[in-house]
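Take a look at the structure below.
Within every chain, numbering begins at 1; the chains are lettered A, B, ... in the order of the sequence lines, protein sequences first and strands thereafter.
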Amino acid sequence: MTNPDDNELIRLRREKLDALRGRGTDPFGGRYPVTQWARDLAERLGNANDEELKGFGPVSLAGRVVAIRHHGKTCFAHLMDQTGRIQLYARADGLGDEYARFVELDTGDFVGVTGEMFRTRTGELTVAVKTFAFLAKSLRPLPEKWHGLKDVETRYRQRYVDLIVNAEAREIFSMRARLVHGIRAFLDARGFLEVETPMMQPIPGGAIARPFKTHHNALDLDLYLRIAPELYLKRLLVGGFERVYEINRNFRNEGISTLHNPEFTTLEFYQAYADYSDLMELTESLFVELAHALRGSLSLTWGEHSLDLKPPWRRLAFFDGISQALGLGVTPATDVATIARAAAPRGIAHDGGPAWKLWKDVFETLVEPTLVQPTFVIDFPTELSPLAKRKRDNPQLVDRFELFVARHEMANAYSELNDPIDQLARFREQAALQARGDDEAHWLDEDYVRALEYGMPPAAGEGIGIDRLLMMFANQPSIRETILFPLLRPEGGR
RNA sequence: GAGCCGUUAGCUCAGACGGUAGAGCACCUGACUUUUAAUCAGGGGGUCGUGGGUUCGAGUCCCACACGGCUCACCA
């Protein structure tokens, strides 16, 4: 980053600022009585005739000057507020001495203006400025008006500039707010209670991931930033809340990619007395409602994919997917060596570890890339799902689904294991894996088992990544486009 | 973490073969009382990501490093 004083454009703006102060004008004004937003005026007066405009009366707006066109003894500018843009028109014979100051405005400056509405020769709704006030001098030039700001590094590092100049960026984060609001409305209407559970946890549970570690000094206690809220939300089922949800941050100390940010937002919700098939229907309804609200259609384009969200969505059993991919009937009982022989020519090596690692490998390599249209992958191996309820007719499988859209995992859900004895046994298996150095194992949480011992109603729970869901609805290729301030290395190295 | 690609004016981008760095927009000066990528005339602006090396000479070639993008690996 260059020294601001080295830059001619910044130097000139500083000089203008000093000149304003020298005249006794505060360049960083204060309160300004805003009575209209740009969009209100466009909506109310978009079709008004000259008489109606004349009778409309005075307006008072504030915002950022984003364009200026000097034109002799008149000057046009565009003012941008949170709702949109509106044109300003200043005349030497209308503003008097103040006109000289108006033409000194720079793009980027915040101003407040009052005036009357009229329509220019070319038909644009415009404020004829009567008075104006400096609200904040901008000392840095904005990016170019035509090509805008494209450099992704600058767009992420200086998101404030991205938001000033790129309407698409503003639209994504506006959609994000509508998305989250839509989820809340959907769940609230169905009797779910929104809760907040610890972000700092002594045992990072509910998922398998490398956590961030931190320390509480007064308690001299190591804590982890949560990797999932799951175990706390299920403690609330024990406590008697039958439908709960949380929309909040998770933290995973892992790689960064177009699909991964170290902190990301998830929705998790739990419904007592339901099972995973109820949640498949609920998920379809939720996506349909959101698609209508955000896109007005169930047909979406996401990158190279054309998606049809119309339910019911395809359901594919985990082992059916593997079987089809390998051309070999595979069940949890199938001999590992047999599967390994079928998988090897497809480029999947088996290192002799447990069978479930091979199943997972085959599925991720051969099946997931084929899942473009919304697909529930159902009935996962028990070993991959230490917190899920076993299927009644086959204890080697669990009542679980993952939703895939455009090859990306969008949701993960299961009927919750509420048998404390089985839960403890599965935690111990995981602990044994961990003891053997497997970091892909769930931590043992004894208090969670104790909670289950008090009795947890049968329930189903689901997690949905909000950032990724927004990628789909906003048709974005990278999670960094859906997170306001994605994690980057600090500027200038460490 | 690995591979590939990128980094030139405030912004968007050009810069064959190594020979003193360019354009558009933005900015400054002047003209212009309904413009809107305003127009017209003139002008200023650069440690070419950083540090080394090769060379008479490096934006350009070589090495290292920094930051970013994409792909892969781990994961959601």
Side-chain angles (χ1 to χ4, degrees), chain A residues 1-4 6-13 15-16 66-78 85-95 99 103-104 106-108 118-126 128 138-158 161 164-166 206-211 227-228 250-268 360 364-365 368 402-404 408-412 439-440 463-469 471 477-480 486 488-494:
Chain A
M1 197 80 348
T2 50
N3 182 336
D6 292 345
N7 185 315
E8 181 202 1
L9 301 177
I10 292 174
R11 202 194 68 239
L12 286 162
R13 284 168 181 242
E15 286 169 9
K16 281 190 185 177
V66 290
I68 304 186
R69 293 174 296 281
H70 299 112
H71 199 273
K73 294 186 176 55
T74 70
C75 180
F76 291 89
H78 271 94
R85 294 176 171 220
I86 192 154
Q87 182 166 258
L88 308 180
Y89 177 59
R91 298 167 61 102
D93 58 9
L95 274 172
Y99 182 76
V103 298
E104 278 180 18
D106 289 313
T107 56
F118 77 109
R119 200 176 293 284
T120 62
R121 245 175 231 161
T122 51
E124 180 159 351
L125 194 63
T126 301
S138 169
L139 296 178
R140 289 177 181 269
L142 291 177
E144 202 233 334
K145 62 183 174 185
W146 193 240
H147 298 92
L149 177 65
K150 289 205 166 87
D151 181 74
V152 291
E153 183 171 352
T154 309
R155 288 186 46 238
Y156 299 155
R157 280 196 198 284
Q158 299 181 246
V161 181
I164 293 168
V165 299
N166 290 324
I208 295 162
R210 269 160 55 207
I227 56 176
N250 291 335
F251 306 87
R252 299 192 183 175
N253 203 341
E254 290 166 346
I256 296 178
S257 77
T258 49
L259 289 171
H260 302 86
N261 193 63
E263 55 178 305
F264 60 103
T265 301
T266 60
L267 161 69
E268 279 205 18
K360 191 178 168 205
E364 289 175 356
T365 310
E368 283 186 14
E402 285 189 351
L403 170 65
F404 284 85
H408 298 319
E409 185 187 333
M410 304 296 286
N412 178 26
D439 52 6
E440 284 185 55
I464 299 176
I466 298 298
D467 318 285
R468 285 191 187 173
L469 189 62
M471 285 171 66
S478 170
I479 200 167
R480 295 183 199 96
L488 299 176
R489 283 197 169 87
E491 285 175 89
R494 284 156 293 183

Pairwise [atom1] distance for [N] and [M], with rounding to whole Å:
N     : M     : atom1 : answer
B:C48 : B:G6  : C1'   : 14 Å
B:C61 : B:U29 : C1'   : 44 Å
B:C13 : B:C17 : C1'   : 23 Å
B:U55 : B:C65 : P     : 23 Å
B:G45 : B:G1  : P     : 43 Å

I'd like to know if A:Arg121 reaches the base of B:U34 with its side chain such that a donor and an acceptor end up less than 3.5 angstrom apart. no
Below 3.5 Å, does any donor atom in the side chain of A:Thr120 face an acceptor in the base of B:U35, or the other way round? yes
Heavy atoms under 4.0 Å is the rule here; annotate nucleotides 69-74 of chain B 5' to 3' with B where the base is hit, S where only the sugar-phosphate is, and - elsewhere. SSS--B
Round to a whole Å and report the spacing from [atom1] of [X] to [atom2] of [N].
X        : N     : atom1 : atom2 : value
A:His78  : B:A38 : NE2   : C1'   : 12 Å
A:His147 : B:G10 : NE2   : P     : 17 Å
A:Asp151 : B:U7  : CG    : P     : 11 Å
A:Ile10  : B:G10 : CD1   : C1'   : 7 Å
A:His71  : B:C40 : NE2   : P     : 12 Å
A:Arg489 : B:G1  : CZ    : C1'   : 10 Å
A:Arg91  : B:C32 : CZ    : P     : 15 Å
A:Gln158 : B:G10 : CD    : C1'   : 11 Å

Is RNA chain B part of any stem, that is, at least 3 consecutive Watson-Crick or G-U pairs with both distances under 3.5 Å, and where? B:1-7 with B:66-72, B:10-13 with B:22-25, B:27-31 with B:39-43, B:49-53 with B:61-65
[X]: which residues meet the ring-ring contact (aromatic ring centres under 6.0 Å, His included) condition with it, sequence neighbours left out?
X        : result
A:His71  : none
A:Phe118 : A:Tyr89
A:Tyr99  : none

Test log, rule side chain to side chain contact (heavy atoms under 4.5 Å, CB included), inputs A:Thr266 and A:Asn250: CA-CA 7 Å; A:Thr266 60; A:Asn250 291 335; 3.1 Å; yes
Check: A:Leu149 and A:Asn166 side chains under 4.5 Å, non-hydrogen atoms: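 A side-chain contact under 4.5 Å exists here.
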Qualifying residues under side-chain contact (heavy atoms from CB on, under 4.5 Å), relative to [X], sequence neighbours excluded:
X        : value
A:Pro262 : A:Phe212, A:Ile256, A:Leu487
A:Ser478 : A:Tyr156, A:Thr258, A:Arg480, A:Glu481
A:Arg210 : A:Asn253, A:Glu254
A:Leu139 : A:Arg13, A:Arg14, A:Leu17, A:Lys137

Qualifying salt bridge (charged side-chain N to carboxylate O under 4.0 Å, His left out) pairs, either residue in residues 141-154 of chain A, two or more places apart: A:Glu153-A:Arg157
Output one line per pair: protein atom, nucleotide atom from nucleotides 25-28 of chain B, and distance, for all N/O pairs under 3.5 Å.
| from | atom 1 | to | atom 2 | distance (Å) |
| --- | --- | --- | --- | --- |
| B:C25 | O3' | A:Lys145 | NZ | 3.4 |
| B:C25 | O2' | A:Glu144 | OE2 | 2.9 |
| B:A26 | OP1 | A:Lys145 | NZ | 2.6 |
| B:C28 | OP1 | A:Lys16 | NZ | 3.4 |

Of A:Asn412 and A:Gly72, the one whose closest RNA chain B nucleotide lies more 5': A:Gly72
Please indicate yes or no: is the ring centre of A:Phe76 less than 5.5 Å from the centre of the six-membered base ring of B:A38, with the two planes inclined by under 30 degrees? no
Using a heavy-atom cut-off of under 4.0 Å over every strand shown, decide if A:Asn261 touches base, sugar-phosphate, or nothing. base
Would you mind classifying the nucleic acid contact of A:Gly463 as base, sugar-phosphate or nothing, using non-hydrogen atoms under 4.0 angstrom? nothing
Syn or anti for B:A16, given that syn means the glycosidic angle lies within 90° of 0?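 Syn, since the glycosidic angle lies within 90° of 0.
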Does B:C17 fall in syn (glycosidic angle within 90° of 0) or anti? syn
Excluding sequence neighbours, so at least two apart, what forms side-chain hydrogen bond (donor to acceptor under 3.5 Å, both in side chains) with A:Glu124? A:His78
Can you tell me if the side-chain N/O atoms of A:Arg157 get under 4.0 Å from OP1 or OP2 in B:G68? yes
Any A:Arg69 side-chain N or O less than 4.0 Å from OP1/OP2 of B:U35: no
Could you check whether A:Asp106 pairs with A:Lys16 (Lys NZ or Arg NE/NH1/NH2 to Asp/Glu carboxylate O, under 4.0 Å)?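 Here A:Asp106 pairs with A:Lys16 in a salt bridge, since their nearest N and O are under 4.0 Å apart.
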Looking only at the side chains, is there a donor atom on one of A:Arg140 and A:Gln158 sitting less than 3.5 Å from an acceptor on the other?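 No, because no side-chain N or O of A:Arg140 sits under 3.5 Å from a partner of the opposite role on A:Gln158.
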